[in-house]
Number of protein chains: 2
Amino acid sequence: MENNEEKYAALKLENQICFPLYACSKEIIRKYKPYLDEIDLTYTQYITMMVLWEKKCVNVKTLGESLYLDSGTLTPVLKKLESKGYISRVRSNEDERNLVVTITEEGEKLKEHAVCIPSKIGSCVNLTAKDAEVLYTLLYKIIGNVR
Amino acid sequence: MENNEEKYAALKLENQICFPLYACSKEIIRKYKPYLDEIDLTYTQYITMMVLWEKKCVNVKTLGESLYLDSGTLTPVLKKLESKGYISRVRSNEDERNLVVTITEEGEKLKEHAVCIPSKIGSCVNLTAKDAEVLYTLLYKIIGNVR
DNA sequence: CCTAATATAATTGAATACAATTTTATTATA
DNA sequence: TATAATAAAATTGTATTCAATTATATTAGG
């Protein structure tokens, strides 16, 4: 009977690796909320803007590959960002299937108000540079393995 | 002008620690899907059952503390699990504010069909024992820091 | 004892997230 | 060229997720 105690050990929450990933992700995103509220963005809108602050212009497919999100998630996010005036959504002339997302002047300005956010989150997460690097490497290793 | 190249470095997706956490969590949960489909559970229902497989009986507040979820998320999940016959939901006699969730015989049986899942996910995530331990420790360190 | 404060779930509303399907456009092939 | 195959977004439906509010129960303080 005593080996029954171990038979289901792998099903215990404390022995999961995905659960703390899931919990950690949610808890950090929760920490973003007050800062993102100040610039009226959700976390999903924020990471979308990150891509656009860097690339200026991107189609939905490429954006989805960058963010690991599909058009089912991105379409409403992009429509919302468009309604806020931060991006434009225009079909490509070369290939009408492609929707080209371009950052606006307003969207560029928002970057100034967002630039202080990463350090605030960083001090809250509070890892050493070494730990952060180890974590970063492990996470992308997993993403590579899983996909 | 060249220091402008660095001014916004912290806003690049590649310099985030939360984004790979978020992406990694989602991608692993996606990997669970075919296995969870076989036992007709979603990931949220699965981690809820994990707590119940271990504790048999728990109130919503304690469950929420275990899973980092509130009643707004848990109430519909628990109603769904009840409709599937895996749990019962009964108000506590001692304190009518508390809803006591108890696993049923059917819920116990489900454990047998779930016990093979962790190893399948583990081989897909494919970390060494050492890496998994490092990751685990870092994640719970962050959760501790953030909360 | 009575009322204010607190505690616990449930409800509501907005925003994801994703699988599956549909629509439209482009490309490949018979 | 005509049609089949493929590709990109959008749509649909289900299930989270969470902040804020509400409803009900319990506890504490006067």
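It should be emphasised that the depicted structure is a prediction, and the values quoted were computed from it without experimental measurement. Convention: sequence-line order gives letters A, B, ...; per-chain numbering from 1.
The shortest side-chain heavy-atom distance between A:Val134 and A:Lys130 falls under the 4.5 Å cut-off.
A salt bridge does not link A:Arg91 with A:Glu96: none of the charged nitrogens is closer than 4.0 Å to a carboxylate oxygen.
Remark: P of C:dT16 and CG of A:Leu36 are 11 Å apart, rounded to the nearest angstrom. Note: NZ (A:Lys79) to C1' (C:dA17) measures 16 Å, nearest angstrom. For the pair A:Tyr43 OH and D:dA19 P, the interatomic distance rounds to 16 Å; values are reported in whole Å. Atom CD of B:Glu96 is separated from atom P of D:dA23 by 19 Å (rounded to the nearest Å). Taking atom CG of B:Leu81 as the reference point, atom P of D:dT16 lies 8 Å away to the nearest angstrom. Distance B:Leu74 CG to D:dT17 C1': 10 Å, rounded to the nearest Å.
Seen from the ring of A:Tyr8, B:Lys111 counts as a face-on cation partner, given the 6.0 Å and 45° thresholds.
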For salt bridge (charged side-chain N to carboxylate O under 4.0 Å, His left out), just list the numbers for B:Lys31 and B:Glu27, CA-CA rounded to whole Å, side-chain angles, deciding distance to a tenth of an Å, and then say yes or no. CA-CA 6 Å; B:Lys31 282 290 173 179; B:Glu27 293 304 311; over 6 Å; no

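Taking the six-membered ring where the residue is Trp, B:Tyr46 and B:Trp53 present perpendicular rings, their angle passing 60° and hence far from 30°.
Among the protein residues, B:Asp70 comes within range of the nucleic acid bases, having at least one heavy atom under 4.0 Å from a base atom. Nucleic acid contact class of B:Thr73 (heavy atoms, under 4.0 Å, all strands): base. Within the 4.0 angstrom heavy-atom criterion, only backbone atoms of the sugar-phosphate kind lie near B:Thr44; the bases stay farther away.
Taking for each of A:Lys33 and A:Asp95 the nucleotide of DNA chain D with the nearest heavy atom, the 5'-most of the two is the partner of A:Asp95. Comparing A:Ser71 and B:Asn98 against DNA chain C, the residue whose closest nucleotide sits nearer the 5' end is B:Asn98.
Nearest nucleotide to the side chain of A:Tyr22, out of D:dA10, C:dA10, D:dT17: D:dT17. For B:Arg30, counting side-chain heavy atoms from C-beta on, the closest listed nucleotide (C:dC18, C:dA10, C:dA15) is C:dC18. Across D:dT17, C:dA17, D:dT26, the shortest atom-to-atom separation from the side chain of B:Lys26 is found for C:dA17. Comparing D:dA8, C:dT8, C:dA17 by their closest approach to the side chain of B:Arg97 singles out C:dT8. Residue B:Leu99 places its side chain closer to C:dA10 than to any other of D:dA9, C:dA10, D:dA19. Nearest to the side chain of B:Leu69, among D:dT11, D:dT17, C:dT26, sits D:dT17. Considering only side-chain atoms of B:Arg89, the nucleotide from D:dT16, D:dA10, C:dA10 that sits closest is C:dA10. When distances are taken from the side chain of B:Thr75 to each of C:dA10, C:dA19, C:dA25, the shortest belongs to C:dA10.
For D:dT26, neither phosphate oxygen OP1 nor OP2 lies less than 4.0 angstrom from any side-chain nitrogen or oxygen of B:Arg91. Put simply, B:Lys80 has a side-chain N or O that comes within less than 4.0 Å of OP1 or OP2 on D:dA15.
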